[in-house]
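Residue numbers begin at 1 in each chain, while the letters A, B, ... track the order of the sequences.
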Number of protein chains: 2
Amino acid sequence: MLQAAEKAERSRLSAADWEAGALDLIAEQGVPALAVEPLARRLRVTKGSFYWHFATREALLKAALQNWETHAEEAMDQIAAIDDPRERLSELFRRTGREARTHSIYSALLRALDHPIVQPVMERVSQRRLDFLKQAYRQVGMSGIDALHRAQLTYAAYVGFLQLVLQLGVKHIDPTELEEYVEHVMSTLIPQ
Amino acid sequence: MLQAAEKAERSRLSAADWEAGALDLIAEQGVPALAVEPLARRLRVTKGSFYWHFATREALLKAALQNWETHAEEAMDQIAAIDDPRERLSELFRRTGREARTHSIYSALLRALDHPIVQPVMERVSQRRLDFLKQAYRQVGMSGIDALHRAQLTYAAYVGFLQLVLQLGVKHIDPTELEEYVEHVMSTLIPQ
DNA sequence: GGTTGTCAATACGCATGCGTATTGTGCGAA
DNA sequence: TTCGCACAATACGCATGCGTATTGACAACC
């Protein structure tokens, strides 16, 4: 993180710097907080220069989400490379507890699902993850319909977990407590 | 629903009318969409009269959330009256699929968890529901820590489900398909 | 039938955000 | 050295939202 801050040291900014700063803002304060003037202040310039890089605020949002989506897909591909489906699911669950930034952005995008630019991105990412889960559950022996439902249940649990922990702080992310929770989730959702 | 619209027929409005209209707006477009001037237009008056009833926009939000919280508690109390814990959990799950408006508001509030007025309300409601779930799981024979984790998992699944269905429309709320999903969730989360 | 209380309209001032237009500046290439 | 490109600052106009101040209207009550 702080990608934006470090670049801000340099005298001049590129489009990539603005995109990184946009993701920082989204992660910290959500999509509605991504506004041109506040972001410009953050990057120590005025908004006058922003419009050299992007036509509109929406263009920046689109570009930033594109970056994030690519990053999210790469992370998925890594896990998908694990052969044993049970091991793959475990790794997926465990990673959810870590990688704060990626999940911060995901959580922020969840809260902006009604936004016309955010929605198609989330639709694609969610569908990929659901397919991923469904396939894994099939490979551990569940029927098609059961695998689909279990995938939906798992994904819903993931989404709700993010919402509750990252936003509400229901539990204060005590690492060992989190680990125990993840173990419970795995033993409940992954058939033996 | 349409509580606001029907009242709008009358010549003069009360604070309760503004609160009902506020909840309508929140349900339909989320907390950020609750603004004085748009709401006034909706109610066919100008904002000049709003400030006779409420000191600030925040005061309206607070009052509206108070109403909702009371309503949510009453709904919970109804289910809590069911003796058999398994039956109680089933009823809870099944109701989630219905009652669109209550859950629309809940979903909207979820997306506004960072708002200082929304947060304490959601914290209370969430804690009550978690306690409710935990107690039910204990009564069907789970240990304290397992019951807690299962309650958290259940609640996260509920929250995620709302987010995905109401906002993303991952599945288009086909009633029979939904029923099957709920059955899967129950058989997965409620121990036999 | 006049007075009062209750709601509503109008008209402000202020802040923030978007997008545009114009001008300025520094660094690398010619 | 100078020219020009790539970024940046300044200064607009416009829209929307908050909150205030003032005046208006209508019904109930005396």
For A:S14 and A:D17, test the side chains for any donor-to-acceptor distance below 3.5 angstrom and give the result as yes or no. yes

Can you measure A:L60 atom CG to C:dC18 atom P for me and round it to whole angstrom units? 10 Å

For A:L43 and D:dA9, what is the distance between atoms CG and C1' respectively, to the nearest whole Å? 15 Å

Taking atom P of D:dA9 as reference, at what distance in whole Å does atom CZ of A:R41 sit? 13 Å

Nearest-Å distance for atom pair CZ/C1', residues B:F54 and C:dC7: 13 Å

Out of D:dA8, C:dA8, D:dG17, whichever nucleotide has its closest atom nearest the side chain of A:V45: D:dA8

Which residue pairs satisfy the side-chain hydrogen bond (donor to acceptor under 3.5 Å, both in side chains) criterion with at least one member in residues 133-143 of chain B, sequence neighbours excluded? B:R88-B:Q139, B:Y137-B:T154

Can you figure out which of D:dG17, C:dG19, C:dA8 approaches the side chain of B:L13 most closely? C:dA8

Testing B:K62, B:R124, B:R128 for salt bridge (charged side-chain N to carboxylate O under 4.0 Å, His left out) with B:E69, which one passes? B:R124

Taking the six-membered ring for Trp and the full ring for Phe, Tyr or His, determine whether the centres of A:H103 and A:Y158 are under 6.0 Å apart. yes

Does B:E58 have any salt bridge (Lys or Arg N to Asp or Glu O under 4.0 Å) partners at least two apart in sequence or in another chain, and if so, which? none

Salt-bridge test for B:R95 and B:E91: reply yes if a basic N is under 4.0 Å from a carboxylate O, no otherwise. yes

What is the separation between atom CH2 on A:W52 and atom P on C:dC18, rounded to the nearest whole Å? 20 Å

Salt-bridge contact A:E28-A:R101 (side-chain N to carboxylate O under 4.0 Å): no

How long is the line joining CZ of A:R57 and C1' of D:dC14, in whole Å? 18 Å

Quickly work out the A:W18 CH2 to C:dC18 P distance and round it to whole Å. 11 Å

Generate the contact string for nucleotides 20-30 of chain C. Rules: B means base contact, S means sugar-phosphate contact only, - means no protein heavy atom under 4.0 Å. B----------

Is the phosphate of C:dT6 approached by B:H53 (side-chain N or O, under 4.0 Å from OP1 or OP2)? no

Do the side-chain N or O atoms of B:S49 get closer than 4.0 angstrom to the phosphate oxygens (OP1, OP2) of C:dC7? no

Nearest whole Å is fine: how far is D:dG19 C1' from B:L61 CG? 17 Å

